Amino acid sequence: MPPAELANKYTDQYFANMDALNVERADVYPRATEEIPKVIEIIQGLLAKGYAYESDGSVYFRVRSFPRYGKLSHRNLSEMIPKDANYEEKKEYPLDFALWKASKPGEPFWESPWGKGRPGWHIECSAMALKYLGDSIDIHGGGQDLVFPHHENEIAQSEGFTQETPFVRYWLHNGLMQLDKQKMSKSTGNLVSVKDALAHFSSDAIRLFVLGSNYRNPLTYSEQALEAGERGAERLRGALTPRANADERVALLDAGPFEQKFVEAMDDDFNTAQAIAVLFELAKEINRGAEQGANVAEAQHILLKLAGILGLTLKERAQPTPDIEAFISLLASTRDNLRQNEQWQLADRIRRELADLGVTLEDTPQGTRWKYSRR
RNA sequence: GGCGGCGUAGCCAAGAGGUUAAGGCAGGGGUCUGCAAAACCCCGAUACGGCGGUUCGAAUCCGCCCGCCGCCUCCA
């Protein structure tokens, strides 16, 4: 399979997964392979300023020329060199890293002022960030495992080229997903793919699981934790079911204080766990208010809005065809007639067998409701 | 070994010097219901990995120890 085709395949998979998780699309999705001119421009700039040097068709960044190198990851140069290391002899200094690598015969390559080659593994991020976001950006995300050397190198390349400091105002490094006490990674093969997770749990459940802890902390994937998220999602959905017959004499539920607490939590370094707690508190108030006859429609609207900020859809999970839903409603109303005639045995049988088929009936003062059971 | 981070009820997890230590899941009791389900009410850590220390006061600060995770040239 040609490289471009392979890249497209995984790009498509990525977007399918992100869409399923209700992740909004960014404005631009640049590709490293299409940004070679900017890469070359930056390398030339770094060469001109003395931050880089050419060696045998490759170009390396001279880390000792950049005094701030190591600041982000709290390292200093001398401590970073392992004793038993076997470094490329083409470098001036062991920790210098490649900006441009000469290609070996048979490898894919691009033409450059230094001959045929490919970008180093860090430069394309600087190139795309500087091109699309500007010389100084507010927030740069990434996993904790990228702090060194990747982000450290990005800073060195970008600030060296632009002479603008800082390249990034705030670094947001998220904790890594673990499975059985180990970092999930492709290289070790211990992973649960997004697709796998979505086969068993709703995107809302996955979001409640992930956002239930601080983004900086690692989190461990477990069926139990995801199941808890699913149940929580159902609880929030339940609070959104339409309520009728509001009592005019009961004050309508004011969700304002909840909205304010939610915003405060999010303003506090994205305290999503706290924000979710507010969602559950509001859901409880809605349920309680509705029970007492308060008009909760506006509060429900706010609950849905706040949940939406966290990317929660609060939509029912399964989407069977509408035809089936009509049959279910028919069965439910027939059962209601049986209940009116106190035909409990038959009524219970319908409820039980529907339950076996994945449909739950709920008898309420407003009539019988039904919904799809969770798996 | 170095650097960074984490260890809070059965499980997940917020809180970062001083109200009763959020919230969810699971569990127990109750209300409602023909019975259920859902919802609502009540209950659950004298306790925050361990040991010292600072302080009038610590889960929150300091030190040491234990356990776990990430990174420490050539995957980004």
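Here the structure is a predicted model, which is why all the values come from computation and not from measurement. The analysis underlying the following values was restricted to heavy atoms, covering all of them including side chains, and did not include hydrogens, waters or symmetry mates. Sequence lines set the chain letters: A, B, ... in the order given, protein chains first and strands last, and positions in each chain run from 1.
- Residue-level contact check: A:Arg369 touches neither bases nor backbone, having no heavy atom under 4.0 Å from any strand.
- The closest side-chain donor-acceptor pair between A:Arg75 and A:Ser73 falls under 3.5 angstrom.
- Using the Watson-Crick or G-U wobble rule with both distances under 3.5 Å, B:C68 pairs with B:G5.
- A:Ala273 comes within 4.0 angstrom of a base, heavy atoms only.
- Residue A:Asn271 places at least one side-chain N or O closer than 4.0 Å to OP1 or OP2 of B:G15.
- Distances shorter than 4.0 Å separate some side-chain N or O of A:Arg235 from OP1 or OP2 on B:A39.
- A:Asn217 comes within 4.0 angstrom of sugar-phosphate atoms only, judged by non-hydrogen atoms across all strands, and of no base.
- No contact: A:Gly238 has no heavy atom under 4.0 Å from any strand.
- Nucleic acid contact for A:Glu124: sugar-phosphate only, since backbone atoms but no base atoms lie under 4.0 Å from a heavy atom of the residue.
- Within the structure, a side-chain polar atom (N or O) of A:Lys284 is placed less than 4.0 Å from OP1 or OP2 of B:C41.
- With both pairing distances under 3.5 Å, B:A16 is matched to nothing as a Watson-Crick or G-U wobble pair.
- For the pair A:Arg25 and A:Phe15, the distance from NZ or CZ to the six-membered ring centre is under 6.0 Å and the angle to the ring normal is within 45 degrees.
- The base-pairing partner of B:A59, taking Watson-Crick or G-U wobble contacts with both distances under 3.5 Å, does not exist among the strands shown.
- Residue A:Leu219 is classed as having no contact, given no heavy-atom separation below 4.0 Å to the nucleic acid.
- Among the protein residues, A:Asn214 comes within range of the sugar-phosphate backbone only, with heavy atoms under 4.0 Å from sugar or phosphate atoms but none that close to a base.
- Ring pair A:Trp370/A:Tyr372 is perpendicular by interplanar angle, where above 60° counts as perpendicular and below 30° as parallel.
- A:Arg349 comes within 4.0 angstrom of no nucleic acid atom, judged by non-hydrogen atoms across all strands.
- Proximity of A:Arg75 to the phosphate of B:C71: no side-chain N or O atom is located under 4.0 Å from OP1 or OP2.
- Base pairing analysis places B:A21 opposite nothing; no Watson-Crick or G-U wobble pair with both distances below 3.5 Å involves it.
- Side-chain contact check for A:Ser202 and A:Arg237: at least one donor-acceptor pair (N or O, by modelled atom type) lies under 3.5 Å.
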